[in-house]
2 protein chains.
Amino acid sequence: MPPRPQLKPRKRPSQARSKATVEAILVAAAQVFQRHGYVGATTDRIAERAGVSVGSLYQYFPNKDAILVALTERHINAGFALVRELLAEALNEAPPLERLLRQFVVAMIALHEQEPELHRVLFEEAPLPPSVRRQLRKRENEFATEVCAFLRAHPEARRHDAKATAYVVVHTVDALVHNFILHPPEGLGSDALTEEIVRMLLGHLTTNEAS
Amino acid sequence: MPPRPQLKPRKRPSQARSKATVEAILVAAAQVFQRHGYVGATTDRIAERAGVSVGSLYQYFPNKDAILVALTERHINAGFALVRELLAEALNEAPPLERLLRQFVVAMIALHEQEPELHRVLFEEAPLPPSVRRQLRKRENEFATEVCAFLRAHPEARRHDAKATAYVVVHTVDALVHNFILHPPEGLGSDALTEEIVRMLLGHLTTNEAS
DNA sequence: GCGCAATATGAGGAATGCCTCATATTTAGA
DNA sequence: TCTAAATATGAGGCATTCCTCATATTGCGC
């Protein structure tokens with residue numbers, strides 16, 4: 001267990017051919033991580049699945065964890081993009097808070113429902129390096145800040161400690177949905193959960209309090 | 001990556017000497033997992049730290065994961081016991097719901113604050129076998145059921161879908177506290193978080209609704 | 001077409017960690 | 001005290017995986 005080596009690619013692909021190779025490796029990695037878990041996902045297996053040689057793989061990724069990281073970052077980016085998109089759509093209509101919240105929860109569920117097993121491996125099983133976890137938290141905070149700004153602006157929202165509220169709102173939805181999709185409890189459907197979350201958050205956001 | 005082998009000990013310690021050995025191994029394992037992470041925690045290292053030979057270790061644990069599992073189960077049991085204890089104490093006084101909620105959140109924070117790094121390794125990094133994850137979920141559900149029963153009984157609580165509510169309450173607290181302790185955000189203290197959670201849940205629990 | 005750079009190959013080196021087993025020591029009980 | 005069972009030891013076998021490197025192939029610019 002020597003100090004964790006670098007995570008950046010040693011060569012940047014320039015020709016179309018090599019770009020395709022990198023893409024194939026990432027796609028294959030997603031499949032292999034999904035099917036075999038973090039430990040079972042060997043570089044040999046990923047290369048084989050990608051239809052390239054191990055040597056090629058190591059041209060673009062200095063080690064196994066670099067693949068994990070690249071994959072995770074891509075996954076995170078796609079996730080935020082999707083949620084933002086769905087939210088932006090909803091925001092165009094200047095909707096009531098309840099509708100917006102429901103939209104948010106639904107978007108998060110949709111997000112977690114695609115490739116849930118990959119999601120589980122990446123975020124629950126794999127030893128994501130601290131740098132990546134930090135980055136993820138940073139993105140979450142940015143997102144919470146947006147939510148925060150929105151909350152101040154929305155006519156229905158009444159709370160004072162917008163920072164704490166935004167933190168709680170964003171993380172509550174994320175955590176509950178994450179748990180629900182990845183470890184579905186018996187006797188509780190996603191509709192019921194959505195309703196419950198929406199009611200709770202709506203109440204929380206619209207209750208005025210002399211702090 | 002052959003099929004995951006058995007997790008049960010091959011020999012049960014009978015004499016006091018061997019009980020001490022097993023105990024030493026578990027204590028050492030906790031320290032080593034904490035300091036080196038799941039991958040860095042080699043059986044050799046654990047044995048060394050425990051002051052016993054690898055051979056002895058393998059007398060009582062068939063493989064590395066068996067140690068992880070034993071440790072996790074112990075951790076889980078201690079956790080539930082602690083929270084139950086703190087809650088039972090609070091319940092003796094037939095307190096108002098708000099007080100009880102606050103007690104719950106405080107207990108969960110206390111729980112997560114002891115050995116947070118071990119907690120992180122066990123639940124975020126280590127590949128816990130599905131059986132253990134299932135067991136954990138089962139315990140959580142049992143706990144949620146208790147909460148559920150209590151909710152029905154408490155005079156201040158007004159909600160109808162007690163099952164969904166219990167699920168949301170328990171998992172919200174757990175997830176938020178877990179995240180907060182293990183990945184502390186800047187500019188948000190534990191008091192503010194506690195307040196925020198308590199207000200949110202209290203509002204949720206005391207709001208009556210024609211479902 | 002030519003030559004050079006980019007890319008691809010895959011057998012095998014090197015390192016590591018899990019776990020065994022033949023042997024030694026300790027304890028319990030008669 | 002003596003014996004058998006319980007417990008402890010730790011060097012090293014075995015398997016596995018990561019990654020390299022010498023070589024081959026492909027594509028780009030001229």
Side-chain angles (χ1 to χ4, degrees), chain A residues 1-26 28-29 32-33 35-71 126-127 129, chain B residues 1-26 28-29 32-33 35-71 126-127 129:
Chain A
M1 182 103 317
R4 188 185 281 273
Q6 60 174 23
L7 295 173
K8 299 291 174 184
R10 62 190 53 182
K11 268 181 190 167
R12 224 146 244 290
S14 67
Q15 302 181 359
R17 182 165 46 132
S18 51
K19 289 207 173 104
T21 298
V22 170
E23 181 63 26
I25 290 172
L26 284 176
V32 174
F33 275 119
R35 235 192 285 292
H36 299 274
Y38 174 75
V39 190
T42 68
T43 49
D44 287 8
R45 223 184 315 231
I46 294 174
E48 186 191 2
R49 174 108 203 159
V52 305
S53 69
V54 235
S56 290
L57 187 154
Y58 279 96
Q59 296 263 344
Y60 306 106
F61 300 94
N63 52 51
K64 175 176 165 175
D65 280 349
I67 306 176
L68 172 75
V69 167
L71 197 58
Chain B
M1 181 101 317
R4 186 185 283 273
Q6 60 175 25
L7 295 173
K8 298 292 173 184
R10 62 190 53 181
K11 267 181 193 170
R12 225 149 244 288
S14 67
Q15 302 181 359
R17 182 165 48 132
S18 50
K19 289 209 172 102
T21 298
V22 170
E23 182 63 26
I25 291 171
L26 285 176
V32 174
F33 275 119
R35 236 193 284 291
H36 299 274
Y38 174 75
V39 190
T42 68
T43 50
D44 287 7
R45 229 190 304 236
I46 293 173
E48 187 190 1
R49 173 108 204 158
V52 304
S53 70
V54 234
S56 290
L57 188 154
Y58 279 96
Q59 297 262 342
Y60 305 105
F61 299 95
N63 53 51
K64 173 177 166 174
D65 280 349
I67 306 176
L68 173 75
V69 166
L71 197 58

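Heavy atoms only: backbone and side chains are in, while hydrogens, waters and symmetry mates are out. By convention in this document, chain letters (A, B, ...) are assigned in the order of the sequence lines, proteins followed by strands, and residues within each chain are numbered from 1.
- With contacts defined as side-chain heavy-atom distances shorter than 4.5 Å, the pair A:R45/A:T42 qualifies.
- Remark: B:T43 is in phosphate contact with C:dC18, judged by side-chain N or O atoms under 4.0 Å from OP1 or OP2.
- Annotation: of the two residues near DNA chain D, A:Q15 and A:A41, the 5′-most nearest-nucleotide partner is A:A41.
- B:N63 and B:Y58 get closest at one heavy-atom pair: CA-CE2, 3.9 Å.
- In this entry the distance linking CG of B:D65 with C1' of C:dG17 reads 13 Å, nearest Å.
- Side-chain N/O atoms of A:S18 include one lying less than 4.0 angstrom from OP1 or OP2 on C:dT7.
- In this structure B:A50 satisfies the side chain to side chain contact (heavy atoms under 4.5 Å, CB included) test together with B:A24, B:I25, B:A28, B:V52, sequence neighbours excluded.
- Contact annotation: A:Y60 side-chain N/O to C:dA8 OP1/OP2 distance is under 4.0 Å.
- As rounded to whole Å, 14 Å separates atom P of C:dA22 from atom CD of B:Q59.
- A straight line from CD of B:E48 to C1' of D:dT9 spans 14 Å, rounded to a whole angstrom.
- Under the salt bridge (charged side-chain N to carboxylate O under 4.0 Å, His left out) criterion, A:E23 pairs with A:R74, not counting sequence neighbours.
- The side-chain heavy atoms of B:R49 and B:H36, taken from C-beta on, include no pair separated by under 4.5 Å.
- The nearest whole Å value for the distance from the CG atom in A:L68 to the P atom in D:dC18 is 12 Å.
- One interatomic measurement links the two molecules: CD1 of B:I25 to P of C:dC18, which rounds to 14 Å at whole-angstrom precision.
- Scored by the side chain to side chain donor-acceptor pair (under 3.5 Å) test, A:R17 finds A:Q15 as partners (sequence neighbours excluded).
- Shown here for B:P129 and B:V69, the closest heavy-atom pair between the two residues is CG-CG2, 3.6 Å.
- Under the 6.0 Å distance and 45° angle rule, A:K64 counts as a cation-pi partner of A:Y38.
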Using a cut-off of under 3.5 Å, enumerate the N/O to N/O pairs linking the protein to nucleotides 23-25 of chain C.
none

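- For the pair A:K19 NZ and C:dT7 P, the computed distance is 9 Å after rounding to whole Å.
- Rounded to whole Å, the distance from CZ on B:R45 to P on C:dC19 is 16 Å.
- Dashed line: the shortest gap from a side-chain N or O of A:Y58 to OP1 or OP2 of D:dC19 is under 4.0 Å.
- Looking at residues two or more places apart in sequence or on another chain, you find a side chain to side chain contact (heavy atoms under 4.5 Å, CB included) between A:A29 and A:F33, A:I46, A:I67, A:L71.
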Pairs under 3.5 angstrom, nitrogen or oxygen only, protein versus nucleotides 10-15 of chain D, please.
residue: D:dG10; atom: N7; partner: B:G55; partner atom: N; Å: 3.4

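- Computed from coordinates, the B:H36 NE2 to C:dT16 P distance equals 15 Å when rounded to whole Å.
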